[in-house]
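Working notes, structure below.
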Number of protein chains: 2
Amino acid sequence: MHRPRKEMIAETRAKLIAAARQAFGTIGYAEASMDDFTASAGLTRGALYHHFGDKKGLLEAVIAEIDGEMAARVNEVASRAPTRWQHFVDECTTYIEMALEPEIQRIMFRDGPAVLGDPAQWSNANACVGSMTDHLTALQGEGVVVPGVDPETAARLINGASSQAAQRIANSNDPEATSKIVVAAFKQLLEGLLRKPGSQQN
Amino acid sequence: MHRPRKEMIAETRAKLIAAARQAFGTIGYAEASMDDFTASAGLTRGALYHHFGDKKGLLEAVIAEIDGEMAARVNEVASRAPTRWQHFVDECTTYIEMALEPEIQRIMFRDGPAVLGDPAQWSNANACVGSMTDHLTALQGEGVVVPGVDPETAARLINGASSQAAQRIANSNDPEATSKIVVAAFKQLLEGLLRKPGSQQN
DNA sequence: CCTATTCACATACGTTCCGTATGCCAATTG
DNA sequence: CAATTGGCATACGGAACGTATGTGAATAGG
């Protein structure tokens, strides 16, 4: 008759995560009142503390969810590229595009690091960088990328540049035009990783 | 006899900024109690609200102070390099070194952006990026750096990579060794900006 | 020199928010 | 059907913030 208990619990968790994600993504983590957004989910802080321990625990869950979505999107978009290098470049530009979205920017690049510390040490949200790292490693094996650079390190640095790129585009008053300029500069930086200078551009 | 009023006021402001800087740089902005750190300066929140409006206003003042110091350090270190390109590279590595300091990392790269938004739009704290932009512009004029990349954009992207580089080093359990790896990868990315001898296009 | 005014800063108060402790009710278990 | 588990709400205490107000010293004016 009544749905099994596990389903109700999962639904409660999902509702809390969704409500928190909405609040964190718009007004920001610090300004989001736990009383408010739990109420908007038809619950109270009691449920929140029961499932996630505290406000930070809920943020972690939100971040894990978004990270999973981002990884899926990156893999899906980049998987249809002719060469592996192109695949990698597409991955990066897709990453920039995602970082343009206010929710992702706010939660993943701003409040997340401020509240939880260095993203590199988040245990549950490294799918994107992991994928980039794998591709760089493969590209090195193929001789496309210079040897001697640590793949994961390069992925992290590129990640930082991507984040800045996205912010620059997002805060521009002409995002369309700015995007071209920023992506061009970004790709130029990536060229530094290529072994042979004579590569075709784009 | 009694010191002029202006001096007392300046001293009060300086004491508040110093106390806030200490608190923000260690326990972080969110955890820093205004009652606590104003008391540690021998004052109360009354003085804070009078001079800075609110907690965010005080953070802005702290950031402006640190930014000035960072710009001075960058200029001083990088000014003794043989070539302009080397000058630029030194500027970047100095930037990374500064970003290794916990106070700078916490205030300038973590809590600052979370509380005040995109650093690129801070009116009072862009000295470092401004200097890097100038050098990139000059390097382009000399034909050392590829044409077609927007200098300020490149400076921002490099800035983002620098921040990630610093965090990676700082959070390593062997900072000494990690530093070599990270700086090597970082310089490799910078190579992407160099105009290569054998390639002519655009 | 004396009064009036300004203003830097402190104090007092109300509100909001967080974390914990406790209570209740439905669903499972035997 | 009784017992127990546990998911979630309610109640309470404390801390932090912002505002409104008070006070005393320094300046200004006559």
Side-chain angles (χ1 to χ4, degrees), chain A residues 1-63 106-107 111-112 114-117, chain B residues 1-62 106-107 111-112 114-116:
Chain A
M1 37 178 178
H2 299 320
R3 303 218 302 287
R5 188 142 230 231
K6 291 292 181 189
E7 274 187 30
M8 301 294 295
I9 295 171
E11 187 183 327
T12 296
R13 283 181 58 98
K15 281 197 287 190
L16 283 173
I17 291 176
R21 179 172 173 168
Q22 154 70 20
F24 293 165
T26 51
I27 60 176
Y29 177 85
E31 299 302 314
S33 160
M34 299 165 76
D35 280 319
D36 287 352
F37 68 74
T38 53
S40 82
L43 296 162
T44 69
R45 277 180 309 134
L48 191 159
Y49 281 104
H50 184 74
H51 286 291
F52 301 99
D54 60 357
K55 199 179 181 183
K56 285 167 68 171
L58 182 51
L59 177 61
E60 287 177 23
V62 169
I63 283 176
R106 177 101 216 195
I107 297 177
D111 291 347
V115 175
L116 302 178
Chain B
M1 32 210 59
H2 297 53
R3 301 223 303 288
R5 191 144 228 232
K6 291 292 179 189
E7 273 187 29
M8 302 294 294
I9 294 171
E11 187 182 328
T12 295
R13 283 182 59 97
K15 280 197 287 191
L16 283 174
I17 291 176
R21 178 172 175 170
Q22 153 71 20
F24 293 165
T26 51
I27 60 177
Y29 176 85
E31 298 303 312
S33 158
M34 298 165 78
D35 280 319
D36 287 352
F37 69 72
T38 52
S40 83
L43 296 161
T44 70
R45 276 180 310 135
L48 191 160
Y49 280 102
H50 184 73
H51 286 292
F52 300 99
D54 59 357
K55 202 180 181 184
K56 286 168 68 172
L58 183 50
L59 177 61
E60 287 177 23
V62 169
R106 179 99 215 197
I107 297 177
D111 291 346
V115 176
L116 303 179

- Item | Residues A/Arg106, A/Tyr29; criterion side-chain contact (heavy atoms from CB on, under 4.5 Å); working and verdict | CA-CA 9 Å; A/Arg106 177 101 216 195; A/Tyr29 177 85; over 6 Å; no
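- In this structure, the CG atom of A/Leu48 is 12 Å from the P atom of C/dT20, given to the nearest Å.
- Regarding B/His51, its NE2 atom lies at a distance of 13 Å from the P atom of C/dC7, rounded to whole Å.
- If you measure from atom NZ of A/Lys15 to atom P of D/dG7, you get 15 Å, rounded to the nearest angstrom.
- The interatomic distance linking A/His50 (NE2) with D/dT10 (P) rounds to 16 Å, in whole Å.
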Can you tabulate the close N/O pairs, meaning under 3.5 Å, that link protein atoms to atoms of nucleotides 15-18 of chain D?
| residue | atom | partner | partner atom | Å |
| --- | --- | --- | --- | --- |
| D/dC17 | OP1 | B/Ala32 | O | 3.4 |
| D/dC17 | OP1 | B/Lys55 | NZ | 3.1 |
| D/dC17 | OP2 | B/Met34 | N | 3.2 |
| D/dG18 | OP2 | B/Tyr49 | OH | 2.1 |
| D/dG18 | O5' | B/Tyr49 | OH | 3.1 |
| D/dG18 | N7 | B/Arg45 | NH1 | 2.5 |
| D/dG18 | O6 | B/Arg45 | NH1 | 3.4 |
| D/dG18 | O6 | B/Arg45 | NH2 | 2.8 |

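- Exactly one of B/Val115, B/Ile107, B/Asp111 qualifies for a side chain to side chain contact (heavy atoms under 4.5 Å, CB included) with B/Phe24. That residue is B/Ile107.
- Here C/dA10 presents its P atom at 8 Å from CG of B/Leu16, a figure rounded to the nearest Å.
- In terms of heavy-atom proximity, B/Ala32 sits nearest to B/Ile27 at CA-CD1, 3.6 Å.
- Between the CD atom of A/Glu7 and the C1' atom of C/dT28 there is a distance of 16 Å, given to the nearest Å.
- To the nearest angstrom, C1' of D/dT27 lies 11 Å from CD1 of B/Ile9.
- With contacts defined as side-chain heavy-atom distances shorter than 4.5 Å, the pair A/Leu43/A/Phe37 does not qualify.
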